[in-house]
Amino acid sequence: MARVPAAVLNVLNPFRKAPHALTRRYRSRQTPATIELVTQPHPWIRAVGLVAVVLLGAWLGLLVVGNVRVPVGPMDTTMTLRPSFTGGTRINISPLGALQLDSHIAPVRLDVNVDQLDPDRSQALVDHPERLSGLQDEVTADVGRGTLDLAVRSGIAVVTGATALGLAVYRRPRRALAAGGLALTLLAASGGTAYATWRPDSVLEPKFSGLLTSAPSLVGNARSIVTEFDVYQKELARLVTNVTKLYDATSTLPAYAPDPSTIRVLHVSDIHLNPASWKIIASLVEQYKVDVIVDSGDTMDHGTAAENGFLDPIEDLGAPYVWVRGNHDSMITQRYMQDLKNVHVLDDGKAQTIKGLRFAGIGDPQFTPDRSRQTGARQSQELAGARLATALRDQSTAGTPVDVAIAHEPSAAREVDGEVPLALAGHLHHDEMEMLPYGTRLRIEGSTGGSGLRAIEGKHPDPIEASILYFDRDTRHLQAWDEIELGGLGLTTAEVSRHLPEENQPGATPSPSTPSEAAPSASP
C-alpha cells in the first residue's frame, strides 16, 4: 500500500474539517427545542374548577340516592337533603300543601315528604287514643333513626358523586379522590352549621302554603301555643297527630275551634277600590272567627262621592269595622263611612271600646289622591301623631287606657311610642313589624287590595296582604299574629305565617304590667 506524503495530507486537511465546522455552525443557529405551546391555568382557576366539580357531583349524588324512607308514627315519609341558600325544613303533605320551618341556617335543606298514612297504624291510634300519650317518644325515635340513616346515606352519595365526576373530568385518581374528600368536608361543615344554628322552636312559627292555609287549627290557638310548649319533641308529636287527624278527615278539613279567651282582630289596609277585597275579608272573618276588623286607611283611590257605593259591602262583613282616614280618603268618604251600620270611624284621638279592646285613632292630615306630596307632609304627620299621643295620655290619666292606636302613615303612628302597647298603620303597601324605642309595637300592614289598579303598573303584581292578631282577653296584649299573603292579580298562591312576640317565646321572662293591664277597659 502506497504511503501518502505528509505534504499532501496537510493540503487536504481543511476540506476534511469543513463538514464538522458547518455542523457546529448550523447547530448554533437552530431554534431552542423547549418552546411551551400551552400555558398552564392559574391556581385559582384550577381551584374554582375543582369546587364546581365537587358541588355538581355532590348535588347529582344527593339527587340520585340521597333520600331515605322512614316510618314516622302512623305516616310513611321520605327524607331528603337538598342544596339551599337559606336552609330550613320543608314538610310536604300532598295533596294538602306544605309547611316551611326556619329550623336552621345552612346550605342544605331538609325535605320531608309525607307519602301516605298507614291505615293499620292510623286505625290503631283511633281505636286506642291512650297511645297518643306515647306518640312523642315514638316520633322522636323514628325521626332520630331516619336522620342518622339520612346523614350516612347522604355522606356516601356526596362523596361518590363528587369522586365519580372528578374522575370523569380529570381522569386522574388523585384529583378524583381530592374532589371526594372536599365534598365530604363541605357536607360535614354544612351539618355542623345546621347543628349550631338549629332552632327547635321554629315549629311555633310555620309558614303554610296550598290548602293548609285554610286549616289554621293545625298549629293550635295562640294561647295554647304559648302555655303548652315544653320541648321540640312534644310539638313534633302534636304536628304528627294533627296531620293524622287531617288525613282521617279525608275530604273535609278540620274546623277552626276558637279559643273563648282570645280576641281575634283582622288588620287590613290600602284596599284602593279593589272589589275582590270584600270577599277575601268576609272569608277570613268566617274562617278565623274574627271579632273586629281594623282598616288603617286608603280604602278609596280618589275620595270622590261617586266611589262611595264601593263601601256598602262593609255592612255585611260579619264583624265591627274600625276605620281611620288615609291620604286617598276624603272627608266625603269619612262622612259616608260614619253613616254605615257597624262602622266605627276614629279621628282626633277619640277612643271606643269594641269587643273588649279599646281603640283610638286619627285620620291622615293629608289628602293626596293624585299621589303628590304636599309641602311639610312629614311635619304634618308628626303633628297628627303628637295629637294622638296626647289623647292617649289623657285616656290613661282618666283610667281608661287605650289598647290599640291606629294611624294611616307609620310616621304618625311612631309618635305614640310609650303611650300604648300596639300601634297599627299602613300606607307602605308591604307589611312590617317594628319595636319602637319606648316599648310600643308598631304593626304596618300591606295592601289588602293588592295596590288596586296599580297592581298592573309593575312587572309583577303586588300580593294581597292581611293579618290576624290574637289578643289575650284578660291582659288585652298581643299574643301572636298570622301574616296572610295571597297572590296578586291573576295569581292563586296563598301563604300563612305564624309569629309570636319575643315575650311569648318559650322560656322568655314575662314582661312587667303596663297601664293597660292595670285598669279594665271602659265604654266611651
Side-chain angles (χ1 to χ4, degrees), residues 261-267 269 291-297 319-326 329 334 337-338 342-365 380-427 433-445 469-479 481 501 503 511-524:
S261 66
T262 302
I263 303 173
R264 292 166 179 77
V265 174
L266 172 61
H267 184 197
S269 189
D291 298 295
V292 182
I293 305 169
V294 172
D295 185 343
S296 48
Y321 200 90
V322 179
W323 183 83
V324 296
R325 188 179 67 251
D329 305 316
Q334 179 161 315
M337 290 286 284
Q338 288 172 334
N342 218 23
V343 173
H344 303 264
V345 175
L346 300 180
D347 201 0
D348 297 325
K350 295 180 180 179
Q352 296 187 40
T353 300
I354 305 159
K355 294 293 184 178
L357 290 176
R358 191 159 178 81
F359 299 89
I362 194 166
D364 198 300
S380 66
Q381 294 293 339
E382 293 175 350
L383 180 60
R387 289 170 51 202
L388 179 57
T390 300
L392 295 176
R393 283 193 292 272
D394 292 342
Q395 290 285 334
S396 296
T397 302
T400 56
V402 171
D403 304 310
V404 182
I406 311 167
H408 178 64
E409 290 207 24
S411 55
R414 290 189 180 96
E415 296 299 313
V416 304
D417 185 17
E419 306 297 339
V420 68
L422 178 67
L424 303 180
H427 187 65
M433 184 71 86
E434 180 182 345
M435 283 302 300
L436 300 179
Y438 295 102
T440 294
R441 183 182 297 274
L442 172 60
R443 171 68 188 171
I444 304 172
E445 190 53 77
L469 311 178
Y470 300 90
F471 291 84
D472 185 276
R473 187 172 296 275
D474 298 326
T475 65
R476 303 187 303 282
H477 278 189
L478 184 68
Q479 298 295 304
W481 70 93
E503 61 269 21
S511 57
S513 298
T514 63
S516 63
E517 288 181 292
S521 295
S523 300

Below 4.5 Å, heavy atoms only, C-beta onward: do [X] and [Y] meet side chain to side chain?
X	Y	value
Leu469	Val294	no
Asn342	Tyr321	no
Pro401	Arg358	no
Pro421	Leu478	no
Trp323	Gln334	yes
Pro320	His344	yes

[X] side chain to [Y] backbone, donor-acceptor under 3.5 Å:
X	Y	value
Arg325	Asp364	yes
Asp291	Ile263	no
Asp472	His477	no
Asp347	Gly363	yes
His408	Ser296	yes

State the [atom1]-[atom2] distance between [X] and [Y], to the nearest 0.5 angstrom.
X	Y	atom1	atom2	value
Leu388	Leu383	CG	CG	11.5 Å
Tyr470	Thr262	OH	OG1	8.5 Å
Arg387	Glu382	CZ	CD	14.5 Å
Leu436	Arg414	CG	CZ	7.0 Å
Arg443	Ile406	CZ	CD1	14.0 Å
Arg473	Leu357	CZ	CG	8.0 Å

> Using a distance-only test with no angle check, is there a side-chain donor-acceptor pair under 3.5 angstrom linking His427 and Ser269?
Replying inline: no

> Hey, which of Asp295, Asp329, Val343 is the one that makes side-chain contact (heavy atoms from CB on, under 4.5 Å) with Met337?
Replying inline: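 Exactly one option meets the side-chain contact (heavy atoms from CB on, under 4.5 Å) with Met337, and it is Val343.
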
Minimum heavy-atom distance between [X] and [Y], given as atom pair plus value:
X	Y	value
Gly356	Asp403	O-OD2, 4.2 Å
Ala412	Gln381	CB-O, 3.4 Å
Phe359	Leu346	CB-CD1, 3.8 Å
Val402	Val404	CG1-O, 3.3 Å
Ile362	Ala384	CD1-O, 3.4 Å
Ala405	Val416	CB-CG2, 4.3 Å

> Mind checking what makes ring-ring contact (aromatic ring centres under 6.0 Å, His included) contact with Trp481, not counting sequence neighbours?
Replying inline: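 Testing Trp481 for ring-ring contact (aromatic ring centres under 6.0 Å, His included), a comparison that skips the adjacent residues, returns His499.
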
>> Using side-chain contact (heavy atoms from CB on, under 4.5 Å), reason through Arg441 and Met433 one step at a time and then give a plain yes or no.
In response: CA-CA 7 Å; Arg441 183 182 297 274; Met433 184 71 86; 3.4 Å; yes

